[in-house]
Amino acid sequence: MSSFKMKVALAPVLALLLLTACDGGVDGKTSLTNTSGAPSPLTFDFFSVDPSPNWNGMKDEVGKVITAKTGITLNGEFAVSGGQDRISLMAASRDYPDIVSPKGELSKLVDAGAMLDLTDLIEQHAPNLKKLYGNSMNRLKYSNEDQSIYVLPTYYAVDQKYFDAGGGFGIQHRVLKELGYPKVRTLQDYENILRAYSEKHPMTDGQPTIPLTLDADNWRIMITVTNPAFLATGAPDDGEYYIDPVTYEAKLHYKRPEEKEYFRWLNHMYNEGLLDQESFVQKSDQYKSKIASGRVLGLIDQDWGYADAEDALKSAGKAEATYSHFPVTLSEDMKDHSFQDTGFVSGWGIGITTSNPDPVRTIQFFDYLASEEGQILMNWGIQGQHYEIKDGTRVIPAAVQEQKTNHASAFQRESGIGLYKNMSGRYGDGVKDSTNNYYTTNFPEQIQASYTQAEKETLQAYGASTWKDLFPNEEEFAVKPWGAAYNMPTPGDSDYNVIFQKTQDIIRKRIPEAVLSSPDQFDAIYDGLIAELNQAGAEKMEKQYTVLIQNRVRLWNAD
């Protein structure tokens, strides 16, 4: 018997009481109840390739309400290092969970025949999802040749408007304050700040000060080492590729001459003693432990990658040792493209497998989460407990906000707020519901309320209200007609994935080697990297990816 078979368990008494009091449906159009009016208790196995360190088995406050409303409990399993091997094993063994979020590994499951086409399920049982996706349904289709809908996009939200920045180049607030809030625009500016402060303070709380550290543990090398190379040289995030905005031709972004200069800068930082010598050998836990100690002055990362370390600093009363976010580039004539508009992006999301015993109940579960009630619950929590209504506006009480800001992990684990956002389609920041309130808590006033005093002081010094104010905004760039290239399914019936893995192995070996080399060896190693990539078949792979990009543009712009 499959280890992922459905399991039925008794629903909590709370679930029965709450559902009896409600209308038993999603926007009055679908039913999740049995003939007695009580929710039929059902447990589904769910696997995600992304980690969820605060997952509490739906025993959190929001999770209990979701189960009460739908009768559904998820037996969740979350990978900690990408989950690629697990997905490959599923595809080979035909042993699938009931629900899966495979991210970039979807094609393996599609090729194995593991995924259900959700088109008819959405049409017949999911009015909230139909309303949510609206005119973007074309973007849910798998490909031009196979127009099935295998996943509900969850990593990008509908009509998303970004109000804040969580990436870029970070510097501790206390560093900026002591140096008089200097200009932070180029890599040279960034280097000068880290150098000046570390020379003045070689020790921090009895330990050596670390000007800059990176996390190259497994896939995290992309986030803190290789992705910053295109952002710091004026290109948008398309994963491992640079896409020509006119011809849609794809090439590995490492081939851009500007990026060679970015890695040369990292090499310079290493040889100057400003880059942590353990950057390419430490594990993610060691990286975060250093951050939590308060002795790391600078980071090049996304805030979700070190959020628990910052949480530890805040809990210890060291908010001044947390980090700012600046759009640093190689030279001032380049612009950080973090906020270039992709339009609505599909490709990565959550789907139902052929092992699922009740696809209708599953799509109804997703549909509840996509409803106005479900969206408010997932983002805001429970009225009277996590938020209040004042003069028709949802507001977070100060005591609750303090917990969210200074004890974020513990708050999420107990409340469940934010844990379910990647389990169905969702509205983006800036979208308002029928009461004229925002669906999410990420809007300017609430974002500013969530900042620590140290953040507020830094922002004020740079004439900004939010971190995004410091970045080039979306209006400065054209909308990308292919969305984000990194979440596009790739064919499993060709040699593409074999070549791609070869190139990844080369990149993850040679980039650290180039950064850690002596300056006189850097060019030879980097040029050797490009030659080795081509020898591994990179040019053939790039041509294949170009076709995929061009096909996506045609599919997404079809009438």
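Note that this is a predicted model, so its numbers are computed, not measured.
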Counterpart residues, salt bridge (charged side-chain N to carboxylate O under 4.0 Å, His left out), relative to D308 (two or more places apart) = K288
ask   = With a 4.0 Å cut-off, would you call R413 and D60 a salt bridge?
value = no
message = Can you confirm whether or not the ring centre of F339 sits under 6.0 Å from the ring centre of F471?
response = yes
ask   = Does the ring centre of Y486 sit less than 6.0 Å away from the ring centre of Y241?
value = no
query = Y323 and W467: ring pair (Phe, Tyr, Trp, His ring centres under 6.0 Å), yes or no, with the steps?
reply = CA-CA 11 Å; Y323 299 88; W467 295 115; over 10 Å; no
Partners passing side-chain contact (heavy atoms from CB on, under 4.5 Å) against Q286 (at least two apart in sequence or in another chain) = Q282, K283
message = Check this for me: does any side-chain nitrogen of one of R86 and E105 sit under 4.0 Å from a carboxylate oxygen of the other?
response = no
Polar side chain donor-acceptor pair, T213 to D276, under 3.5 angstrom = yes
message = Holding to salt bridge (charged side-chain N to carboxylate O under 4.0 Å, His left out), I want the full list of residues that pass it with E445, two or more places apart in sequence or in another chain.
response = none
task = Check whether more than 12 heavy atoms from other residues, nucleotides or ligands sit under 6.0 Å from atom NZ of K141, and answer yes or no.
result = yes
Within the 6.0 Å centroid threshold, strictly below: F78 and F46 = yes
inquiry  = Restricting to side-chain contact (heavy atoms from CB on, under 4.5 Å), what partner residues turn up for T490, sequence neighbours left out?
reply    = S107, Y496, N497, Y545, L548
key: Set of residues satisfying ring-ring contact (aromatic ring centres under 6.0 Å, His included) with respect to Y162, sequence neighbours excluded   = none
remark   = Residue pairs meeting side chain to side chain donor-acceptor pair (under 3.5 Å), one or both in residues 394-404, sequence neighbours left out, come to R394-D433, Q401-T405, Q401-Q446, E402-N406
inquiry  = Do D98 and T362 make a side-chain contact, defined as non-hydrogen atoms from C-beta onward lying under 4.5 Å apart?
reply    = no
